[in-house]
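First up is the structure itself, then whatever we jot down about it.
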Amino acid sequence: MVATDVLELLKQQLTSGQSLEQSVKELAQADPELAPVVQLISQRETEMRQGLEQEELRAEQDQRDLAQEAERREQVAAVRVQFDELTGELQALRSRCLELAGALGACPACFGDDQDCSWCRGRGRPGFMPPEPSLFDRLVIPAVKLQVRLQGRPSAAAARGSTDERGAQ
């Protein structure tokens, strides 16, 4: 008889659109012996819902954590690229400073500006040692030639000065 009641109740539940919870409560009211079973099922269902809700919350938190981690990885990658670029630029600048120091005969570490320099003790200004000929020819000679050419042309101030000097004589 109980099986018939359960089947009948399930049919009613399917046709009436009534909730399963309501149907189970009606079944428990109809048969008091089923009340403890219904209560246990209801309790288990509540536990499962809470467990599912907690799992959903954990899954949502995991998704947020993954998104934050991905964002941090992108930031780290961007910083790494910038670091690599700056490292390359620093190496290039150091190389140019070494070449210039060699061309000028200056201390490659400080150009004579650091009294605590372990290499020159602050005495390594340009001309401190003989310049390296190939670097001198490549870096200094073109600048000297240009300076000589520019000095050969009278500047506006020099032209005025020489005119003033002639007038004063």
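Counting from 1, the numbers follow the sequence of the chain as shown. All values below were derived from every heavy atom in this structure, side-chain atoms included, with hydrogens, water molecules and symmetry-related copies excluded.
- Between Glu69 and Arg73 there is a salt bridge, since at least one side-chain N of the basic residue sits less than 4.0 Å from a carboxylate O of the acidic one.
- Between Arg49 atom CZ and Gln54 atom CD the span is 14.5 Å, to the nearest 0.5 Å.
- Atom-to-atom distance recorded for Leu98:CG and Leu135:CG is 10.0 Å, nearest 0.5 angstrom.
- Residues Leu93 and Leu104 are members of separate hydrophobic clusters, defined by side-chain heavy-atom contacts under 4.5 angstrom among Ile, Leu, Val, Met, Phe, Trp and Tyr.
- The shortest side-chain heavy-atom distance between Cys107 and Cys117 falls under the 4.5 Å cut-off.
- In summary, the side chains of Gln61 and Arg64 do present a donor paired with an acceptor at a separation below 3.5 Å, with no hydrogens or angles considered.
- Note: Leu57 CG to Leu52 CG = 11.0 Å, rounded to the nearest 0.5 Å.
- Looking at Ser95, its side chain never comes within 3.5 Å of a backbone N or O of Gln91 through a donor-acceptor pair.
- One distance of note links CZ of Phe128 with CZ of Phe111; it measures 13.5 Å at 0.5 Å rounding.
- For the pair Thr46 and Gln43, the minimum side-chain heavy-atom distance is 4.5 Å or more.
- Open room surrounds CD on Gln82; 12 or fewer heavy atoms of other groups in view lie less than 6.0 Å from it.
- Salt bridge present: Glu47 and Arg44 bring a charged side-chain N and a carboxylate O closer than 4.0 Å.
- Sorted by first and then second residue, the pairs that involve residues 116-137 and meet salt bridge (charged side-chain N to carboxylate O under 4.0 Å, His left out), not counting sequence neighbours, are Asp113-Arg125.
- Atom-to-atom distance recorded for Arg58:CZ and Glu55:CD is 4.0 Å, nearest 0.5 angstrom.
- In this structure, Glu71 CD and Leu66 CG are separated by 13.0 Å, a value rounded to the nearest 0.5 Å.
- Closest non-hydrogen pair, Ala101 versus Pro108, comes out as CB-CA, 3.6 Å.
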